[in-house]
Amino acid sequence: MHPYRTHTCAQLSAENVGETVRLSGWIHRKRDHGGVLFVDLRDHYGLTQIVADSDSPALAVLEGLRVESVITIEGTVKARVAETVNANLATGAIEVFARGVTVQSAAEELPMPVADEQPYPEDIRLKYRFLDLRRETLHRNIMTRVAVIADMRQRMGAVGFNEFSTPILTASSPEGARDFLVPSRIHAGKFYALPQAPQQYKQLLMVAGFDRYFQIAPCFRDEDPRADRLPGEFYQLDLEMSFVTQEEVWETMEPVIQGTFAAFAGDKSVTPAGKFPRIPYDEAILKYGSDKPDLRNPLIISDVSSHFTQSGFGLFEKIVGGGGVVRVIPAPATHEKSRKFFDDMNDWARKEGYAGLGYVTRKGGEFGGPIAKNHGPERMAELYAELGLGENDGLFFAAGKEADAAKLAGAARIRVGEELGLIDESRFALCWIVDFPFYEWNEDEKKVDFSHNPFSMPQGGIDALNGQDPLTIKAYQYDLVCNGYEIASGSIRNHMPETMVKAFEIVGLSKADVEERFGGMYRAFQYGAPPHGGMAAGVDRIIMLLCGAKNLREISLFPMNQRAEELLMGAPSPAEPRALRDLHLRVVEPVGKVSQTS
RNA sequence: GCGGGUGUAGCUCAGUCGGUUAGAGCGUCGGCCUGUCACGCCGAAGGUCGCGGGUUCGAGCCCCGUCACUCGCGCCA
């Protein structure tokens with residue numbers, strides 16, 4: 001007989017009654033009735049009830065063990081009598097009568113429960129992550145993660161992509177996020193950087209003629225986290241294709257992404273492949289106030305500035321006269337809502353740092369609120385007719401400089417949608433946001449900057465760079481958005497050296513700068529580079545959506561906390577003086593702050 | 001870097017207007033219990049009310065500072 005087990009804890013059924021078996025696992029729960037004792041024995045696969053009574057030498061041993069101790073049970077499979085069958089358990093028709101027990105590893109008193117899903121403080125969960133990972137939900141989420149990644153690999157392979165591993169110790173990329181640096185021992189004063197993404201390597205693979213690359217790629221960025229952004233490291237489904245237009249990237253990836261979503265969506269619907277809406281960036285900002293709109297929210301923002309060029313409502317007239325805009329978010333069927341509902345929204349907007357969120361109420365056709373009063377009921381009715389709003393619909397107003405108003409309107413759209421329960425939770429709504437601006441105006445430095453990706457191809461190519469106002473140039477650049485989360489981002493790359501040089505010139509960088517900062521890639525483009533493009537999808541975020549988790553820590557094995565500490569292993573930690581010497585480093589403590597070590 | 005929220009037993013939380021010895025449930029420990037499956041019953045231990053300062057006759061409660069966790073802004077090409 002196998003020293004540890006003949007079956008897993010999910011395997012035994014009525015068919016095994018009478019067999020002598022061996023099971024190993026953790027003591028999930030223990031119910032001690034004195035003369036008879038039950039143990040729910042748990043392994044990765046499931047639970048089996050173990051029973052011991054005074055006839056069994058196992059009774060005394062099990063009585064003395066704490067939960068989460070690891071044991072091996074040898075015993076006989078018994079059918080449960082009808083009244084004691086547990087329909088909630090896969091193995092609930094049987095139990096194993098323990099004849100002998102071996103303690104493989106006794107557990108101390110636990111710092112946190114395993115057989116219980118009660119919320120627990122993050123720092124304890126992270127410090128005892130091995131216990132946390134035993135808990136049902138997290139254990140299941142991690143297995144979903146494993147399955148999603150395997151599914152992605154399979155689908156990518158099926159459409160002709162090959163998985164390549166690119167270097168982890170690489171060169172610092174001067175654009176973008178803050179790098180994690182690794183000091184060089186051999187080269188004093190020089191540093192490797194961990195890749196923020198395999199961007200340049202995957203483009204080099206295209207130049208090297210490999211045609212279709214993908215990788216479940218670890219990426220490293222030293223930026224502050226969010227609930228949907230892990231500190232330090234994360235994974236991307238990174239891919240690149242040669243000789244493609246952006247439409248081909250979308251057409252190739254829609255079935256892959258849709259397929260993976262559908263495979264794990266449970267009873268939620270997923271936007272069909274080939275039907276992902278393609279929304280230009282400018283339109284997204286106008287209609288949704290965001291470049292990552294949640295399309296489950298039916299509310300659409302409208303620009304009503306033209307209605308306020310002349311208005312009894314002086315504030316809006318002044319804003320529009322000064323080049324600003326007035327945008328509105330409908331609040332359908334809010335005639336029963338109290339004044340507090342509307343005032344609370346305004347308070348919320350002010351708390352978020354905006355000037356305020358105006359509103360008009362409407363009940364049975366009657367307008368209410370100061371904006372309606374001053375603007376006048378006839379003009380309000382005109383505006384309502386244009387927007388197609390009914391006699392019980394309210395309206396929120398976001399006014400100011402265009403970018404601010406759009407942002408406030410976007411935030412208000414989300415909040416109104418949630419408050420009114422308008423979000424359709426039963427689906428994954430996917431869309432592409434396309435035609436991102438290539439450049440943007442940097443108000444602080446009074447100069448033009450790259451808006452997103454300096455490697456992407458400007459629409460119109462070098463002619464556009466030469467002849468057009470830079471701020472009107474679009475890029476062949478796109479994001480994939482699901483339920484308000486940006487889940488992928490990509491572009492057709494700029495593979496032409498002279499176009500690259502021109503593109504960087506506009507943000508004030510010379511040819512020499514390009515050669516210095518992107519030397520490898522720039523050099524590669526001198527020797528025959530195929531037109532190429534691709535994208536990178538946030539694996540963690542996709543898994544979070546599919547698991548219905550609100551936080552990336554719920555789908556990650558050993559995540560760092562918000563201060564980028566890994567509490568289980570204790571990272572980061574101070575280095576030995578000798579290691580610092582080898583690396584030619586000396587630590588300079590920040591003034592006024594003592595670094596904490598544990 | 002900035003802002004919001006939270007901080008009371010190992011955990012989840014209650015704690016009235018600032019007023020007696022700070023409570024409950026879960027967990028832990030001890031005892032009892034031969035059919036439970038979130039077993040039950042009895043008992044016990046367990047508290048620098050995050051920390052420091054202040055106001056007050058008196059502070060878990062009010063004020064100031066600070067720390068931790070968390071959510072957001074900046075940031076994330």
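Each chain gets a letter, A, B and so on, in the order its sequence line appears, and its residues count up from 1.
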I'd like to know if the side chain of [X] reaches the main chain of [Y], judged simply by a donor and an acceptor atom lying under 3.5 Å from each other, with no hydrogens or angles considered.
X: His139(A); Y: Leu133(A); result: yes
X: Gln11(A); Y: Thr8(A); result: yes
X: Asp449(A); Y: Ser451(A); result: no
X: Arg541(A); Y: Asp228(A); result: yes

Using whole Å, what does the distance between atom [atom2] of nucleotide [N] and atom [atom1] of [X] come to?
X: Arg563(A); N: G1(B); atom1: CZ; atom2: C1'; answer: 14 Å
X: Glu63(A); N: U34(B); atom1: CD; atom2: P; answer: 11 Å
X: Ile124(A); N: U12(B); atom1: CD1; atom2: C1'; answer: 12 Å
X: His33(A); N: A38(B); atom1: NE2; atom2: P; answer: 11 Å
X: Lys30(A); N: G40(B); atom1: NZ; atom2: C1'; answer: 16 Å
X: Leu89(A); N: C39(B); atom1: CG; atom2: P; answer: 12 Å
X: Trp348(A); N: G72(B); atom1: CH2; atom2: P; answer: 14 Å
X: Glu117(A); N: C11(B); atom1: CD; atom2: P; answer: 18 Å

Tell me the partner of [N], counting only Watson-Crick (N1-N3 plus N6-O4 or O6-N4) or G-U wobble (N1-O2 and O6-N3) with both under 3.5 Å; none if nothing fits.
N: G30(B); answer: C42(B)
N: A68(B); answer: U6(B)
N: U21(B); answer: none
N: U56(B); answer: none
N: G1(B); answer: C73(B)

For the [atom1] atoms, the ones on [N] and on [M], what distance do you get once it is rounded to whole angstrom?
N: C61(B); M: G53(B); atom1: P; value: 14 Å
N: U21(B); M: G25(B); atom1: P; value: 23 Å
N: A22(B); M: G46(B); atom1: P; value: 13 Å
N: C33(B); M: C42(B); atom1: P; value: 16 Å
N: U28(B); M: G65(B); atom1: P; value: 42 Å
N: A9(B); M: G47(B); atom1: P; value: 10 Å
N: C11(B); M: G7(B); atom1: C1'; value: 14 Å
N: A24(B); M: G15(B); atom1: P; value: 15 Å

Confirm from the modelled atom types if [X] and [N] form a donor-acceptor pair under 3.5 Å, side chain to base only.
X: Arg221(A); N: C76(B); result: no
X: Arg80(A); N: C37(B); result: yes
X: Asp40(A); N: C37(B); result: no
X: Glu95(A); N: G35(B); result: yes

Legend entry - Position toward the 5' end of RNA chain B (nearest nucleotide), Lys550(A) or Asp224(A): Lys550(A)
Legend entry - Which residue lies more 5' along RNA chain B, comparing Pro121(A) with Val51(A) via nearest heavy atoms: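 Whichever sits nearer the 5' end wins; that is Pro121(A).
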Inset, instruction - Establish, yes or no, whether a centroid distance under 6.0 Å links the rings of Phe438(A) and Phe450(A). - result: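 Centroid separation for Phe438(A) and Phe450(A): below 6.0 Å.
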Legend entry - Shortest non-hydrogen separation from Pro111(A) to Ile124(A) and the atoms involved: O-CG2, 4.1 Å
Nearest to the side chain of [X], which nucleotide is it out of [options]?
X: Thr84(A); options: G35(B), C76(B), C69(B); answer: G35(B)
X: Tyr120(A); options: G10(B), U70(B), C39(B); answer: G10(B)
X: Lys407(A); options: C73(B), C69(B), C71(B); answer: C73(B)
X: Arg29(A); options: A38(B), G74(B), U36(B); answer: A38(B)
X: Glu565(A); options: C37(B), C69(B), C76(B); answer: C69(B)

Inset, instruction - Mind telling me whether Phe504(A) and Phe518(A) have parallel, tilted or perpendicular rings, with 30° and 60° as the class edges? - result: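 Geometry flag for Phe504(A) against Phe518(A): tilted rings.
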What does [X] touch in the nucleic acid at a heavy-atom separation under 4.0 angstrom: a base, only the sugar-phosphate, or nothing?
X: Arg66(A); value: sugar-phosphate
X: Ser54(A); value: base
X: Gln49(A); value: base
X: Asp123(A); value: nothing

Legend entry - Gap between atom NZ of Lys550(A) and atom CD of Glu554(A) - 0.5 Å precision: 11.0 Å
Is the phosphate of [N], meaning OP1 or OP2, less than 4.0 Å from a side-chain N or O of [X]?
X: Asn561(A); N: C69(B); answer: yes
X: Arg226(A); N: C73(B); answer: yes
X: Gln196(A); N: C76(B); answer: no
X: Arg178(A); N: G74(B); answer: no
X: Asn551(A); N: C71(B); answer: yes
X: Arg31(A); N: C39(B); answer: yes

Legend entry - Sidechain N-carboxylate O distance under 4.0 Å for Arg31(A), Asp40(A): yes
